[in-house]
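The structure displayed is predicted, hence computed values, not measured ones.
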Amino acid sequence: MIQVRRPPDARSFLAGAGPFLTKREAEHNLLLGISSSLLRDPSPFGEGPAYFAIVEDDDRVIGAALRTPPHNVVLSETEDPGAIGPLVLDAHEAMGSLPGMLGPSLAAAAFARGWCELAGGAATRRMANRIYRASSATPPRGVLGAMRAYREDDRDLTIRWLDAFVREALPDEAMDDPSADMLRRRLADPDGDVRFWDVDGTPVSLASFGQRTPNGIRVGPVYTPPGLRGNGYASGLVGQMTAELLALHRFCFLFTDLANPTANTIYRRIGYEAVSDVEHYAFV
């Protein structure tokens with residue numbers, strides 16, 4: 001019998017769903033990473049308690065989800081299409097309304113259909129992403145400049161660039177997650193940090209990492225101002241940063257926008273391998 005269980009916190013969620021999620025760690029790096037953040041601080045995202053759900057068929061976990069308000073619900077892979085209907089019902093009972101959701105392509109489409117049938121309104125697919133995993137990295141050669149660590153006097157520039165990243169890549173999130181809060185969380189993460197690529201002492205690209213998973217860590221966001229693109233700065237930065245992270249972790253993970261062929265190409269050249277696709281729906 002399929003049922004949905006709501007753990008009260010991240011520790012209980014990982015105790016119940018952790019083995020299921022870790023079997024496909026790359027696909028679930030966002031769920032695992034957010035959960036690791038919530039273990040350290042139960043309310044780092046600012047608006048109310050998190051929602052956790054584990055879908056079980058008798059004693060077997062077949063799916064999971066979480067939400068940190070005001071953000072979207074994040075779905076896991078599902079081992080049974082029958083998990084989606086009960087999960088939609090439970091999410092509606094627990095939260096009543098949602099701005100949107102992110103999940104594996106088939107599961108996301110099924111959840112979006114079920115949510116609109118239950119809650120009314122319509123779902124719009126806003127973005128298609130691809131999850132990549134690296135277990136080795138080959139930084140490109142010949143890129144002008146060098147990587148350096150974040151400094152406190154980088155704060156204003158970092159916030160401006162994160163604002164620009166959100167406006168360009170995640171417009172629906174712009175009002176929900178101020179860049180100052182994004183930066184604060186990244187710097188507060190003992191496994192996270194920010195890096196710059198400098199040319200002659202001038203920052204030209206930014207990348208960050210954080211939210212550890214059992215065997216890896218997630219890279220992103222990555223941003224180069226439009227006027228500085230095409231010079232390999234982001235490739236050099238992500239390549240070198242990934243190589244350093246892989247000295248500490250078994251894997252690095254990142255998300256790309258499938259509408260951005262340049263990003264998908266440069267990450268593959270560094271050593272990232274495509275794992276799966278996820279889709280972002282907004283509910284209106």
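Taking a cutoff of 4.0 Å between a charged side-chain nitrogen and a carboxylate oxygen, Asp41 and Arg185 do not qualify as a salt bridge. Ionic pairing of Arg151 and Asp153 is present here: one or more N-O contacts between side-chain nitrogen and carboxylate oxygen are shorter than 4.0 angstrom.
Using cut-offs of 30° and 60° for the angle between ring planes, the Phe253 and Phe251 rings count as tilted. Between Phe196 and Trp161, the ring planes lie tilted relative to each other; the angle falls in the 30° to 60° range.
With sequence neighbours excluded, the residues that form a side chain to side chain contact (heavy atoms under 4.5 Å, CB included) with Arg113 are Ala109, Ala110. Phe13 meets the ring pair (Phe, Tyr, Trp, His ring centres under 6.0 Å) test with Phe52; sequence neighbours excluded. With sequence neighbours left out, the side chain to side chain contact (heavy atoms under 4.5 Å, CB included) criterion links Pro8 to Ser12.
Remark: the backbone N or O of His71 is paired with a side-chain donor or acceptor of Arg67 at under 3.5 angstrom. Using a distance-only test at 3.5 Å, with no hydrogens or angles considered, a donor-acceptor pair links the side chain of Ser179 to the main chain of Asp163. Side chain of Arg186 to backbone of Phe209: a donor-acceptor contact under 3.5 angstrom is found. Judged by distance alone, the side chain of Asn231 and the main-chain N or O of Tyr233 form no donor-acceptor pair under 3.5 Å.
Pairs of residues two or more places apart, or lying in two chains, that qualify as side chain to side chain donor-acceptor pair (under 3.5 Å) and include a residue from residues 80-100 are Arg6-Asp90, Arg6-Glu93, Tyr51-Asp90. For the salt bridge (Lys or Arg N to Asp or Glu O under 4.0 Å) condition, no pair includes a residue of residues 236-250, sequence neighbours left out.
Checking Thr124, Asn72, Asn129 one by one against His280, the side chain to side chain donor-acceptor pair (under 3.5 Å) holds for a single residue, Asn72.
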Output side-chain donor-acceptor pairs under 3.5 Å for residues 136-150, partner residues at least two apart or in another chain, one line each.
unit_1, atom_1, unit_2, atom_2, d
Arg148, NE, Asp198, OD1, 3.3
Arg148, NE, Asp198, OD2, 2.6
Arg148, NH1, Asp154, OD2, 2.8
Arg148, NH2, Asp154, OD1, 2.9

